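Here the structure is laid out as structure tokens; the discussion comes afterwards.
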Amino acid sequence: MEKLHFDIQINAEAEKVWSVLWDDFSFRQWTSAFTEGSFYQGNLKENEIIKFLDPQNNGMFSKIVTLIPNQEIKFLHLGEIYNGVEAPQNWGEATEKYILTEDENTTHLKVEIQTLEQFKSFFEEKFPDALSNVKHLSENQL
């Protein structure tokens with residue numbers, strides 16, 4: 001399992017950054033860095049299953065193991081989705097965690113990922129652009 005860390009300083013309050021991360025419209029915008037047309041289905045609640053999908057209904061499904069609004073969310077990735085059909089995988093502790101800490105009007109967004117080696121280069125290539133999108137949306141939306 002590979003551990004990856006990404007972080008960015010954003011000139012906006014944590015509540016605003018959280019909103020950009022998880023509101024449907026802005027989620028689709030910042031995650032376009034991974035795949036154009038990305039979206040998620042499900043409720044952002046602890047122990048709920050979330051599906052992260054592309055326009056062809058391919059993607060992955062994950063369980064929310066931790067959720068503290070405006071501060072932290074952690075997903076445990078459970079499997080892939082092909083043409084809308086879930087395919088459970090034995091990925092062990094493949095997780096994705098978003099941590100927001102606020103200091104005055106600045107938010108430090110940190111992302112911690114535990115992933116298989118085969119996905120490492122994808123995340124290293126795409127996550128900096130995705131976080132740049134989050135920063136831009138957080139600092140420039142009303």
Side-chain angles (χ1 to χ4, degrees), residues 1-84 86-89 91-142:
M1 202 58 72
E2 297 283 332
K3 287 188 176 188
L4 306 175
H5 300 274
F6 304 95
D7 64 293
I8 194 165
Q9 288 292 119
I10 301 172
N11 295 318
E13 297 164 342
E15 184 176 355
K16 175 69 178 254
V17 176
W18 184 268
S19 176
V20 166
L21 285 169
W22 308 117
D23 285 356
D24 181 61
F25 181 73
S26 52
F27 178 86
R28 291 171 186 259
Q29 291 179 298
W30 76 264
T31 58
S32 67
F34 301 110
T35 302
E36 196 66 42
S38 294
F39 65 100
Y40 73 86
Q41 291 179 335
N43 295 314
L44 290 179
K45 295 180 182 173
E46 258 185 33
N47 299 312
E48 290 282 322
I49 301 296
I50 298 290
K51 294 179 181 181
F52 297 99
L53 300 164
D54 69 13
Q56 290 75 44
N57 282 324
N58 298 314
M60 67 178 163
F61 63 101
S62 308
K63 179 180 180 180
I64 299 175
V65 293
T66 306
L67 189 140
I68 305 167
N70 304 320
Q71 294 179 30
E72 181 179 321
I73 191 166
K74 181 178 180 180
F75 301 97
L76 173 64
H77 300 308
L78 303 173
E80 296 177 302
I81 301 172
Y82 300 103
N83 295 316
E86 294 179 10
Q89 302 292 318
W91 289 334
E93 285 297 309
T95 59
E96 193 169 328
K97 183 177 181 180
Y98 295 77
I99 304 161
L100 289 76
T101 52
E102 189 175 22
D103 180 24
E104 308 246 339
N105 286 337
T106 301
T107 300
H108 182 226
L109 171 59
K110 183 164 73 168
V111 181
E112 298 174 354
I113 299 174
Q114 287 198 157
T115 188
L116 300 175
E117 170 126 15
Q118 68 197 61
F119 301 120
K120 180 181 177 185
S121 63
F122 174 81
F123 286 126
E124 288 177 334
E125 177 187 341
K126 303 291 186 178
F127 242 104
D129 289 340
L131 292 185
S132 202
N133 289 348
V134 172
K135 178 179 175 73
H136 176 77
L137 291 165
S138 297
E139 292 178 352
N140 295 300
Q141 282 188 349
L142 295 177

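We count residues from 1, following the sequence as given. Source: prediction; values computed, not measured. FYI, side chains are in, hydrogens and waters are out, and symmetry mates aren't considered; it's all heavy atoms of this structure.
- Side-chain contact between Leu78 and Gln89: absent, with no pair of heavy atoms (C-beta onward) separated by less than 4.5 Å.
- Applying the salt bridge (charged side-chain N to carboxylate O under 4.0 Å, His left out) rule to Glu112 yields the partners Lys110; only residues at least two apart in sequence or on another chain are considered.
- Between Phe39 and Phe25 the shortest side-chain heavy-atom distance does not fall below 4.5 Å.
- Side chains of Leu116 and Met1 form a contact here, defined as non-hydrogen atoms less than 4.5 Å apart.
- Taking NE2 of His108 as the reference point, atom CG of Leu100 lies at 9.5 Å (rounded to 0.5 Å).
- Heavy-atom neighbours of Gln9 CD from other residues, nucleotides or ligands within 6.0 Å: above the threshold of 12.
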Item checked: Candidate pair Ile81 and Met60, rule side chain to side chain contact (heavy atoms under 4.5 Å, CB included), full reasoning -> CA-CA 5 Å; Ile81 301 172; Met60 67 178 163; 5.5 Å; no

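- Remark: side-chain polar atoms of Tyr40 are paired, donor with acceptor, to backbone N or O of Trp22 under 3.5 angstrom.
- Within the 4.5 Å cutoff, side-chain heavy atoms of Leu44 are placed close to those of Ile73.
- For Glu2 (side chain) and Thr115 (main-chain N/O), no donor-acceptor pair under 3.5 Å exists by modelled atom type.
- Here the closest non-hydrogen pair linking Thr107 and Ala12 is OG1-O, 2.6 Å.
- Between Thr106 and Asn11, the closest side-chain pair of non-hydrogen atoms falls below 4.5 Å.
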Notebook entry, point to check: Given the rule in the side chain to side chain contact (heavy atoms under 4.5 Å, CB included) test, do Ile8 and Val134 qualify, once you have shown the distances and angles that lead to the verdict?
Noted result: CA-CA 9 Å; Ile8 194 165; Val134 172; 6.0 Å; no

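- The salt bridge (Lys or Arg N to Asp or Glu O under 4.0 Å) analysis of residues 95-106, with sequence neighbours excluded, yields the pairs Glu72-Lys97.
- For Phe6 and Phe123, the ring centers sit 6.0 Å or farther from each other.
- Rounding to the nearest 0.5 Å places CZ of Phe34 at 10.5 Å from CZ of Phe52.
- The distance from the CG atom of Leu53 to the CD atom of Gln41 is 5.0 Å, given to the nearest 0.5 Å.
- Minimum heavy-atom separation, Asn43 to Ile50: O-CD1, 3.3 Å.
- From Leu137, atom CG reaches atom CD1 of Ile10 across 9.5 Å, with rounding to the nearest 0.5 Å.
- With Ser138 contributing its side chain and Lys135 its backbone, the two residues share no donor-acceptor pair below 3.5 Å.
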Next item on the list: Apply the test side chain to side chain contact (heavy atoms under 4.5 Å, CB included) to residues Leu4 and Glu124: give CA-CA distance (whole Å), side-chain angles for both, the deciding distance (0.1 Å), then the verdict.
Entry: CA-CA 8 Å; Leu4 306 175; Glu124 288 177 334; 3.8 Å; yes

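- Not one N or O on the side chain of Ser19 forms a donor-acceptor pair closer than 3.5 Å with the backbone of Glu15.
- Contact annotation: the side chain of Asn47 approaches that of Lys63 to within less than 4.5 Å [non-hydrogen atoms, C-beta and beyond].
- Taken to the nearest 0.5 Å, the OG atom of Ser62 stands 12.5 Å off from the NZ atom of Lys74.
- Checked against the 6.0 Å centroid threshold, Phe75 and Trp91 do not count as a close aromatic pair.
- The shortest non-hydrogen separation linking Leu109 to Leu21 is CD1-CD1, 4.1 Å.
- Among pairs with a residue in residues 23-52, those fulfilling salt bridge (Lys or Arg N to Asp or Glu O under 4.0 Å) read Asp24-Arg28, Lys51-Glu86, at least two apart in sequence or across chains.
- Taking CD1 of Ile64 as the reference point, atom CG of Leu76 lies at 11.5 Å (rounded to 0.5 Å).
- By the 30° and 60° cut-offs, the orientation of the rings of Phe127 relative to Trp30 is tilted.
- Counting only distance, with no hydrogens or angles, the side chain of Asn58 and the backbone of Asp54 share no donor-acceptor pair below 3.5 Å.
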